[in-house]
Number of protein chains: 2
Amino acid sequence: MPRTVDREEQRRHIGTALLRLVSERGLDEVSVRTVAAAAGRSPGAVQKYFRTKEEMLAFAAELAGERVERRMAGVDTSLPPRRALRALILTTLPVDAERRAEATAQLAFAVHATHHPRLAATRRQVDEDVRQALAAWLEVAGYGAHATAVADAVIALSDGLALRMLYAPQEHEHLLTVLDHALDVLLPDPPVMG
Amino acid sequence: MPRTVDREEQRRHIGTALLRLVSERGLDEVSVRTVAAAAGRSPGAVQKYFRTKEEMLAFAAELAGERVERRMAGVDTSLPPRRALRALILTTLPVDAERRAEATAQLAFAVHATHHPRLAATRRQVDEDVRQALAAWLEVAGYGAHATAVADAVIALSDGLALRMLYAPQEHEHLLTVLDHALDVLLPDPPVMG
DNA sequence: TCCTTTGGGATACAGTCGTATTCTAAAGCG
DNA sequence: CGCTTTAGAATACGACTGTATCCCAAAGGA
């Protein structure tokens with residue numbers, strides 16, 4: 001068994017290049033050849049790790065989902081509820097170059113998923129994870145009454161804000177105040193215990 | 001000047017076919033040839049009305065924007081505020097086949113606009129119109145204090161809900177209850193006058 | 001009626017797409 | 001060392017892309 005290589009690492013390398021390409025040039029600029037170029041590989045090499053383009057996209061979509069979950073898991077949820085929730089949401093908004101790239105990829109995949117059941121399934125899985133985590137956290141923070149409704153509203157709100165921030169970066173700051181106002185009414189401060 | 005034809009009507013006919021194609025098969029299935037087929041024309045005929053594909057997409061994007069504004073203008077805003085706002089939002093959500101088609105096209109164009117400045121400009125224009133109309137209406141309905149913030153929150157919320165409904169139609173009904181809960185907190189009932 | 005302009009279809013062309021196949025070189029194992 | 005398996009590049013192929021060009025039929029103005 002000669003010249004063996006960490007296949008999973010290679011797949012991640014290519015998947016990462018694909019996500020970078022999506023965020024910089026959009027999903028329709030993604031082809032086997034452009035991804036190979038972005039990853040510093042030959043198109044033939046990419047084919048060794050992904051038999052079809054669809055398989056490559058599915059892998060990248062999962063990779064993007066993992067990133068979201070990992071980033072949210074990194075937020076200090078012991079902060080005051082309102083601040084913690086704001087921090088959680090900010091990890092999904094295009095507030096800096098890195099998050100802008102990820103938000104772009106997320107939304108591109110979300111829209112793509114509308115017509116591609118396989119991608120839709122992985123999207124829903126990520127959504128479900130985020131939703132459960134958010135709802136559970138709202139519960140312990142004292143917002144048990146409408147935890148899941150608030151969680152879903154928060155997800156929808158941040159998706160909508162992210163979308164708008166992407167094609168209207170001028171409104172960036174204004175949209176952050178919109179977020180704050182929405183959080184004011186969604187999370188009455190202080191929380192009602194019980 | 002022989003054989004003259006209503007050019008604008010023809011452009012609309014082709015643009016309508018394009019939007020239908022986007023909603024049914026996604027934006028990456030849009031090509032000059034597929035649009036021509038969907039419109040019952042030859043590719044050459046389409047070229048007579050749109051010199052480039054980009055021009056065709058820009059026209060379709062404006063057409064889609066017009067539809068949103070027309071549909072919202074058709075809502076009876078003399079209803080009780082809460083009911084009227086709900087009706088306004090429902091015109092943008094994929095609650096039936098027709099609105100599903102439009103929401104799909106809207107979101108596809110929105111994401112596409114991220115990397116295409118010309119489309120982003122027309123998106124922003126539509127957003128601005130909707131935003132102003134919504135804010136003005138909230139003002140007379142007695143929610144003057146945070147009218148624009150509420151308007152923007154509502155827009156973001158419905159965009160996020162629409163996106164999710166498209167790739168997760170199973171959650172459709174649940175998401176409508178999420179909308180209602182969000183409206184409950186965004187529009188305290190009854191409104192505070194002044 | 002003829003001439004000119006137009007709508008609309010057909011065709012051509014160069015480029016890119018996804019994917020299958022074929023090649024070379026390298027590396028572990030006997 | 002030599003054999004075998006693999007990584008990875010190169011090539012090939014048919015389909016599709018956007019767009020330019022050409023051709024024909026139809027219709028209004030002279």
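Protein chains get the first letters and strands the later ones, always in sequence-line order, with residue 1 at the start of each.
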Nearest to side-chain heavy atoms of [X], which nucleotide of [options]:
{"X": "B:Lys53", "options": "D:dA9, D:dT19, C:dA20", "result": "D:dT19"}
{"X": "A:Ala45", "options": "D:dA20, C:dG9, D:dG8", "result": "D:dG8"}
{"X": "B:Thr34", "options": "C:dG9, D:dT17, C:dG7", "result": "D:dT17"}
{"X": "B:Thr52", "options": "C:dG7, D:dT19, C:dG9", "result": "D:dT19"}

For B:Lys48 and C:dG7, is the shortest distance between a side-chain N/O and OP1 or OP2 below 4.0 Å?
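Answer no for this pair, as no side-chain N or O of B:Lys48 is under 4.0 Å from OP1 or OP2.
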
Using a heavy-atom distance cut-off of less than 4.0 Å, which residues of residues 7-32 of chain A contact DNA chain D?
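Under 4.0 Å from DNA chain D: A:Arg7.
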
For [X] and [N], give me the distance from atom [atom1] to atom [atom2], rounded to whole Å.
{"X": "A:Asp6", "N": "D:dT6", "atom1": "CG", "atom2": "P", "answer": "16 Å"}
{"X": "B:Glu55", "N": "D:dT19", "atom1": "CD", "atom2": "C1'", "answer": "13 Å"}
{"X": "B:Arg51", "N": "D:dT19", "atom1": "CZ", "atom2": "P", "answer": "10 Å"}
{"X": "A:Gln47", "N": "D:dC13", "atom1": "CD", "atom2": "C1'", "answer": "13 Å"}

Cationic N near anionic O, under 4.0 Å, A:Arg83 to A:Asp76
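A:Asp76 and A:Arg83: not salt-bridged.
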
Would you classify A:Phe50 as touching base, sugar-phosphate or nothing, given that sugar-phosphate means primed atoms plus P, OP1 and OP2, and contacts are heavy atoms under 4.0 Å?
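Touches nothing.
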
From A:Glu128, A:His112, A:Gln106, A:His116, residue fulfilling side chain to side chain donor-acceptor pair (under 3.5 Å) relative to A:Arg123:
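Only one of A:Glu128, A:His112, A:Gln106, A:His116 forms a side chain to side chain donor-acceptor pair (under 3.5 Å) with A:Arg123, namely A:Gln106.
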
Point-to-point distance, once rounded to the nearest 0.5 Å, from CE of A:Met72 to OG1 of A:Thr91
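So the gap between those two atoms works out to 5.0 Å.
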
In this structure, are over 12 heavy atoms from other groups packed under 6.0 Å from A:Arg7 atom CZ?
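Atom CZ in A:Arg7 is crowded, with more than 12 foreign heavy atoms closer than 6.0 Å.
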
Where B:Glu69 and B:Val126 come nearest, the two heavy atoms and their spacing:
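Scanning both residues completely, I find the closest heavy atoms to be OE2-CA, 3.9 Å.
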
Suppose the criterion is ring-ring contact (aromatic ring centres under 6.0 Å, His included): which pairs have a residue in residues 154-185 of chain A, not counting sequence neighbours?
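Only A:His181-B:His146 qualify under ring-ring contact (aromatic ring centres under 6.0 Å, His included).
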
Between the base of D:dG18 and the side chain of B:Arg33, is one N or O donor paired with an acceptor at under 3.5 angstrom?
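Yes, the side chain and the base share a sub-3.5 Å donor-acceptor pair.
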
Evaluation steps, side-chain hydrogen bond (donor to acceptor under 3.5 Å, both in side chains), between A:Gln125 and A:Asp129
CA-CA 6 Å; A:Gln125 184 60 54; A:Asp129 292 347; 3.2 Å; yes

